[in-house]
Amino acid sequence: MASLKSGIIIGVATAGVAAAALAGGGVRWSPSSMGVSRLATTPISTATIFSPPPGAPLSFADIFEKVAPAVVSIEVTTHLSARELQGIPGFAVPNITPPGGDGGDGDNGDGDGDDSGGKPSSPKAESQGSGFFISADGYVVTNNHVVENAEDIKVTLKDGTILPAKVIGHDEATDLAVIKVEGHDFPFVDFENSAKPRVGDWVIAIGNPYGLGNTATAGIVSAYGRDIGDSFVDFIQIDAPINRGNSGGPTFDIYGRVIGVNSQIFTPSGGSIGIGFAIPADVADNITKQLISGGKITRGYMGANIQNVTPDVAASLGMGTRKGALVADLVSGGPADKAGVKPGDVVVSLDGHAVGSNTELTRLVAQSHNGDILHLTVLRDGKAREIDVRSGTRPSEQQLAANENNGAGGQLIAPDAPAAEHPHVLGLTLGALDEGSRHKFSVPSDQNGAVVLGVKDSSDAGDKGLKAGDLIVRAGDTSVAAPRDVQEAVATAKKEGRPSILLGIRRDGHNYFVPIKIEG
């Protein structure tokens, strides 16, 4: 007889052969050699044996005792806004102290004042995360978002010792950071880069959720290769409960080896629902070694905005089941632009490695160094082309974000209808790009295209989000200079039997591609 309790199979076994107990006496039935049952006067002994299934540990206590001394709690003081900190997954904000005084002289309320020069300060935030030692001389791995913009960092060891720490280096793109405390002979753990647990294998997470240090939770590896919007990390998904404050803590396998750094959670409420994400050990090991040796991470750069090739996009380009990354836009004067890459190109391989998605291309390019030659195979006009791009150095995430915000802003509205006839195609009403529309939409004189004047709500274009004021700059394999170019490209796609056509749209100073179904 067996029951399931807390994930452990509890088996109840009896010693000797199968028996039936008789009420009122310490006897058992025992089969004779002749196959006839007889009474036996020897009482049977019973024992409860706790036996987990093969591969499952009876307890995680030995693992915890082995690795827990290397795990630390991290307390950070900063002056970021409480709203900003509360919005970070996996980050606990237990106490927000508003600025004191009258807001005019920087007095903190105790009469001592400060050196702010009379400028009011933002709220003081005391926040918590997790980390772990990776060397005996005090290097600690954690998340970048735990210590970013920190003014004061304190590390609490398992025995309660509190030590000040300083940031050695951080990498926003992978959300990793290394901090250091002074001292030696600290207990530490190692990254496991080769013998990864399988999906379904046990893992244990240790951290500081909601300020409750040295908390252990257990679960399994749920999946590998999760893309959750981070260009440089294929996350491990685990179901060991991870909450705010677990950020930066380690995930161990059943041998006590670090297989990931807890970083994100998926949650509708702020608490754990069993979907957590850890940065893989091989990524963390590589980045932290670079941070310790130089304090800065550099990555290759191509200077292209890229999209995934969805089934709709592939169908519109006649690619069949082939995969790749669609070049939506180029940084003017960037490496790809100089090499002759064009918007609408589909990158299908880099240096012989097949490209399966936009994130895969980004990671392959990032692994290069400044000056390396990137050998691209692209599809253009249905034909494969080879293009060599000399890699640059990727700007910081802040610089890239600033560049994204430098496009033409403002709400796009439909221009006044010109007197000329406006063709209707794909559920769109199109107009020529004249002086009035150029001025209204801040379109440079060297930019050509067809202006969208209206969109039919029930059309696929309407469903895909096209709107009045969008500029169509490409249709299929054709650059668009006037509405008739769109009409001709759609007619060609119909003759070729394609179910959709890929439109290049320029909006807010940026290009992107949308596959639109061809009706009729």
Side-chain angles (χ1 to χ4, degrees), residues 76 80 84-85 87-91 129 131 134 139-150 167-179 191 193 224-237 247-249 260-266 276-308 325 328-329 331 334-336 347 350 353 355-370 372 374 389 391-405:
V76 176
L80 286 175
E84 184 173 0
L85 287 176
I88 300 175
F91 203 52
I134 57 169
Y139 286 100
V140 174
V141 173
T142 186
N143 282 151
N144 174 66
H145 74 253
V146 171
V147 297
E148 189 175 22
N149 300 316
V167 176
I168 298 299
H170 61 94
D171 180 39
E172 183 180 355
T174 56
D175 195 25
L176 287 166
V178 176
I179 62 177
F191 288 109
N193 295 326
Y224 280 102
R226 289 302 195 207
D227 181 0
I228 58 173
D230 191 302
S231 299
F232 302 103
V233 179
D234 273 328
F235 285 90
I236 305 170
Q237 181 183 333
S247 287
V261 181
N262 300 323
S263 179
Q264 305 286 335
I265 59 174
F266 178 81
F277 301 98
I279 302 165
D282 57 346
V283 174
D285 191 21
N286 177 49
I287 295 298
T288 54
K289 285 177 178 176
Q290 292 185 62
L291 292 175
I292 292 173
S293 63
K296 184 179 180 182
I297 306 297
T298 58
R299 295 182 173 87
Y301 180 64
M302 199 169 72
N305 294 329
I306 52 178
Q307 298 177 210
N308 234 357
D329 203 358
V331 175
V347 181
L350 188 156
H353 297 281
V355 173
S357 66
N358 56 343
T359 53
E360 187 172 0
L361 177 59
T362 299
R363 290 167 188 154
L364 288 171
V365 172
Q367 293 170 9
S368 66
H369 300 90
N370 185 36
D372 288 352
L374 306 175
V389 178
S391 177
T393 299
R394 183 179 175 86
S396 68
E397 300 306 306
Q398 294 92 335
Q399 289 173 315
L400 290 172
N403 291 338
E404 283 293 316
N405 293 329

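As a basis for the values below, the full set of heavy atoms in this structure was taken, side chains included, without hydrogen atoms, waters or symmetry mates. Start at 1 with the first residue, then count along the sequence.
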Point to revise | Minimal non-hydrogen separation, Ala177 against Val147, with atom names | key: CB-CG2, 3.7 Å
Review point. Among Thr288, Val283, Asn286, which residue meets the side chain to side chain contact (heavy atoms under 4.5 Å, CB included) test with Phe191?
Key: Thr288
Check your understanding: Under 3.5 Å, is there a donor-acceptor pair between the side chain of Asp175 and the main chain of Asn144?
Key -> yes
Review point. Rounded to the nearest 0.5 Å, how far does CG of Asn358 lie from CG of Asn308?
Key: 4.0 Å
Review point. Should we count OH of Tyr224 as having more than 12 external heavy atoms under 6.0 Å?
Key: yes
Exercise for review: Answer yes or no on whether Arg226 is positioned over the face of Phe277, meaning its NZ or CZ is under 6.0 Å from the six-membered ring centre and within 45° of the axis.
Suggested key: no
Exercise for review: Calculate, to the nearest 0.5 Å, the distance between atoms CG and OG1 belonging to Asn143 and Thr174 respectively.
Suggested key: 9.0 Å
Revision key, fill the gap. In terms of heavy-atom contacts, Ala284 and Leu176 come closest through CA-CD1, 3.6 Å
**Study point:** Closest non-hydrogen atom pair between Ala336 and Gly303, with its separation
**Key:** CB-O, 4.4 Å
Practice item. Dump the intermediate steps for side chain to side chain contact (heavy atoms under 4.5 Å, CB included) on Gln264 and Val233, then the final yes or no. Key: CA-CA 12 Å; Gln264 305 286 335; Val233 179; over 6 Å; no
Exercise for review: Go through the steps for Gln290 and Asp171 under the test side chain to side chain contact (heavy atoms under 4.5 Å, CB included), then give the verdict.
Suggested key: CA-CA 10 Å; Gln290 292 185 62; Asp171 180 39; over 6 Å; no
Check your understanding: Looking at CG of Leu350 and CZ of Arg363, how far apart are the two atoms once the value is rounded to the nearest 0.5 Å?
Key -> 14.5 Å
Practice item. With the side chain counted from C-beta on, respond yes when Leu364 and Val355 share a heavy-atom pair under 4.5 Å apart, and no when they do not. Key: yes
Revision key, fill the gap. Nearest heavy-atom approach of Pro280 to Phe235 is CD-CA, 4.4 Å
Exercise for review: Walk me through it: do Val331 and Tyr301 pass the test side chain to side chain contact (heavy atoms under 4.5 Å, CB included)?
Suggested key: CA-CA 11 Å; Val331 175; Tyr301 180 64; 3.4 Å; yes
Study note, to complete from the structure: Rounded to the nearest 0.5 Å, the CG atom of Leu291 sits from the CD1 atom of Ile179 at a distance of 12.5 Å
Check your understanding: Under 3.5 Å, is there a donor-acceptor pair between the side chain of Ser391 and the main chain of Asn370?
Key -> no
Study note, to complete from the structure: Smallest heavy-atom separation, Ser247 atom then His145 atom, equals OG-NE2, 3.0 Å
Review point. Roughly how far apart are Ile168 CD1 and Ile292 CD1, rounded to 0.5 Å?
Key: 8.0 Å
Check your understanding: Roughly how far, to the nearest 0.5 Å, is the CG atom of Asp285 from the CD1 atom of Ile279?
Key -> 13.0 Å
